[in-house]
Amino acid sequence: MEHLDERKTKILKAIIKTYLETGEPVGSRTISKYTDLNLSSATIRNEMSDLEELGYIVQPHTSAGRIPSDQGYRFYVDNLMEEKDREVSEMKDFVIERTAKMEQVLKQVVKMLATNTNYATMITAPQYQQGKLKFIQLSQVDEEQLLAVIVLEGNIVKNKIIRTDLNGLDNEQILKLNLLLNTSLNGLALNQINLATIAKLKEQAGIYSEIISKVLDAIVESVSEDEDLEIYTSGATNIFKYPELADSTRAQELISAFEEKQQLVSLVNDTLSDEEHTGIQVYIGSESPVQTMKDCSVVTATYELGEGMKGTIGIIGPKRMDYENVVDNLKTLKSQLDGIFKKPPEQK
């Protein structure tokens with residue numbers, strides 16, 4: 001993205017802020033009223049032409065007004081995020097009793113978020129992400145079955161029955177397989193068990209390589225089979241407040257996404273899989289992983305409860321959403337959810 005000088009940056013921000021407030025294309029005369037610019041309408045028109053050529057704004061009709069493009073919104077959001085990171089987040093008037101049940105808290109959070117922002121909102125119950133293997137124990141049940149006890153990070157225990165031909169497999173061989181599995185796999189997340197690791201395991205297991213394959217399948221199942229993702233939503237009907245989203249087809253698609261929730265799972269998975277950005281993420285237009293939200297902006301935050309437990313907060317609205325208010329709300333909620341269920345530090 002091309003670097004903008006100070007004047008172009010100020011004009012672009014003024015266009016976006018005005019459009020966020022009005023929803024109408026913005027002309028040079030409107031921008032000239034910003035007192036800190038001190039520029040003539042002619043100068044502003046020239047700068048707006050340059051911004052249009054660079055792809056930051058577009059002219060939707062033959063009128064003189066311009067609106068931000070997705071690239072323009074991206075520039076604005078990235079700058080806004082930098083500013084917000086430098087600010088000390090102000091705690092809002094939001095009190096949740098530490099003793100409240102998780103479900104009650106999350107329903108309260110998502111409803112409050114919809115009220116505060118006037119957009120559609122969602123929040124997920126926390127789940128264990130990228131659980132690492134802590135221990136594997138194989139033991140013989142009968143001549144055709146092994147019991148695999150798989151312990152994951154967070155001390156989550158999964159039991160799996162493995163059916164196989166155990167002819168010739170005695171306690172000493174089971175002990176060797178346990179030693180081999182734990183030596184090779186302990187401390188690894190599922191995405192760290194690569195083909196080379198699997199090949200080496202099978203080679204070392206020799207005639208029992210089939211058992212290794214079945215144990216690995218059981219591990220994959222154990223890590224992937226967490227309970228259905230619980231998603232709480234609120235404010236879906238807020239979509240009708242914005243003309244650009246309120247036509248029957250778009251609105252119905254968005255409402256369906258909130259009711260059926262399956263598409264929201266894609267959004268959550270995309271957010272949680274991005275390990276480099278565990279703070280606030282902004283998807284503008286076509287950047288969204290959810291096809292029905294390509295005309296929207298989606299802002300998400302990941303909150304953490306420790307021991308690999310994470311959840312997602314999300315706000316969905318028009319591309320001209322009030323990003324500053326949304327980011328403020330998400331920063332506050334993320335901070336509170338990060339700490340609300342953690343035990344207070346022990347007094348020394």
Side-chain angles (χ1 to χ4, degrees), residues 1-4 9 12-13 15-17 19-20 23 51-52 54-58 60 66-85 113 117-124 129 229 231 233 235-236 238-239 242-247 249-251 253-258 260-303 310-331 334:
M1 192 178 292
E2 188 157 337
H3 177 71
L4 298 183
T9 299
L12 179 57
K13 284 184 175 179
I15 292 170
I16 293 175
K17 282 189 174 183
Y19 183 65
L20 293 180
L51 286 169
E52 186 174 4
L54 291 168
Y56 290 97
I57 55 177
V58 293
R66 307 293 200 283
I67 66 172
S69 65
D70 285 5
Q71 182 178 324
Y73 279 121
R74 168 54 57 199
F75 180 85
Y76 176 74
V77 167
D78 287 347
N79 275 267
L80 174 66
M81 297 299 288
E82 284 177 19
E83 290 170 17
K84 290 297 164 188
D85 285 340
L113 200 55
T117 62
N118 268 323
Y119 301 128
T121 58
M122 55 153 281
I123 190 166
T124 70
Q129 298 295 318
L229 181 63
I231 301 179
T233 61
N238 283 340
I239 288 163
Y242 306 97
E244 59 265 52
L245 300 178
D247 74 72
T249 304
R250 284 179 185 168
E253 285 179 345
L254 287 168
I255 296 291
S256 294
F258 269 75
E260 295 166 12
K261 297 184 180 177
Q262 190 52 49
Q263 292 181 63
L264 297 182
V265 174
S266 301
L267 177 62
V268 171
N269 290 338
D270 190 84
T271 301
L272 292 178
S273 66
D274 192 345
E275 294 183 3
E276 291 183 10
H277 303 94
T278 55
I280 293 176
Q281 298 182 61
V282 181
Y283 303 91
I284 297 170
S286 57
E287 295 175 352
S288 171
V290 181
Q291 181 62 23
T292 54
M293 296 178 187
K294 67 184 187 322
D295 295 316
C296 305
S297 276
V298 181
V299 187
T300 64
T302 301
Y303 68 90
K310 296 180 182 179
T312 299
I313 320 164
I315 299 176
I316 296 94
K319 287 190 278 191
R320 61 183 178 95
M321 69 162 52
D322 184 346
Y323 292 98
E324 189 164 359
N325 181 43
V326 165
V327 170
D328 275 341
N329 273 277
L330 279 182
K331 275 185 176 286
K334 173 178 157 52

- Item | Backbone of G23 reached by a side-chain donor or acceptor of E244 within 3.5 Å | no
- Task: Can you measure from CD1 (I315) to CE (M321) and round to the nearest 0.5 angstrom?
- Result: 6.5 Å
- Report yes or no: does K13 contribute a side-chain atom to a donor-acceptor pair with the main-chain N or O of Y76 at less than 3.5 Å? no
- Message: With a 4.5 Å cut-off on side-chain heavy atoms, are S297 and K319 touching?
- Response: yes
- Is there a side chain to side chain contact (heavy atoms under 4.5 Å, CB included) between V299 and Y119 once you walk through the steps? CA-CA 11 Å; V299 187; Y119 301 128; over 6 Å; no
- Message: To check you understand the geometry: which heavy-atom pair defines the closest contact between T117 and L113, and what is its length?
- Response: OG1-O, 2.7 Å
- Query: Does a side-chain heavy-atom distance below 4.5 Å link D70 with E287?
  - Reply: no
- Spell out, as yes or no, whether a donor-acceptor pair under 3.5 Å connects the side chain of R320 to the backbone of P68. no
- Item | Main-chain N/O of Y56 paired with S69 side-chain donor or acceptor, under 3.5 Å | yes
- Query: Does the pair Y73 and V282 meet the rule for a side chain to side chain contact (heavy atoms under 4.5 Å, CB included), with working shown?
  - Reply: CA-CA 10 Å; Y73 279 121; V282 181; over 6 Å; no
- Query: Does some side-chain heavy atom of M122 sit less than 4.5 Å from a side-chain heavy atom of L267?
  - Reply: yes
- After noting the C-alpha distance and the side-chain angles of V290 and I316, does the key distance pass the side chain to side chain contact (heavy atoms under 4.5 Å, CB included) rule? CA-CA 11 Å; V290 181; I316 296 94; over 6 Å; no
- When you look at N118 and Y242, which way does the side chain to side chain contact (heavy atoms under 4.5 Å, CB included) test go after all the steps? CA-CA 10 Å; N118 268 323; Y242 306 97; 3.6 Å; yes
- Item | Minimum heavy-atom distance G55-Q71, with the two atoms named | O-CB, 3.5 Å
- Item | Minimal non-hydrogen separation, A257 against T292, with atom names | CB-OG1, 4.1 Å
- Could you grab the distance from atom CZ of F75 to atom CG of L12, nearest 0.5 Å is fine? 6.0 Å
- Task: Check salt bridge (charged side-chain N to carboxylate O under 4.0 Å, His left out) between K261 and all other residues, then give those that pass, not counting sequence neighbours.
- Result: none
- Item | Gap between atom CD of E253 and atom CZ of F258 - 0.5 Å precision | 13.5 Å
- Write down the atom of A236, the atom of I255, and the distance for their closest heavy-atom approach. O-CD1, 3.5 Å
- Task: Could I get the full list of salt bridge (charged side-chain N to carboxylate O under 4.0 Å, His left out) partners for D322, not counting sequence neighbours?
- Result: none
- Note on the structure: Minimal heavy-atom distance between I15 and I57, with the atoms involved, is CD1-CD1, 4.1 Å
- Query: If you take all heavy atoms of G317 and C296, which pair is closest and at what distance?
  - Reply: O-CB, 3.1 Å
- Note on the structure: Output for pair (T300 OG1, Y283 OH), nearest 0.5 Å, gives 4.5 Å
- Side-chain heavy atoms of Y323 within contact of I284, under 4.5 Å: yes
- Task: Working to the nearest 0.5 Å, report the span between OG of S286 and CE of M293.
- Result: 14.5 Å
- Message: Tell me whether T124 contacts the main-chain N or O of T312 through its side chain, where contact means a donor paired with an acceptor under 3.5 Å.
- Response: yes
- Message: Rounded at 0.5 Å granularity, tell me how far CD1 in I280 sits from CG in L330.
- Response: 5.0 Å
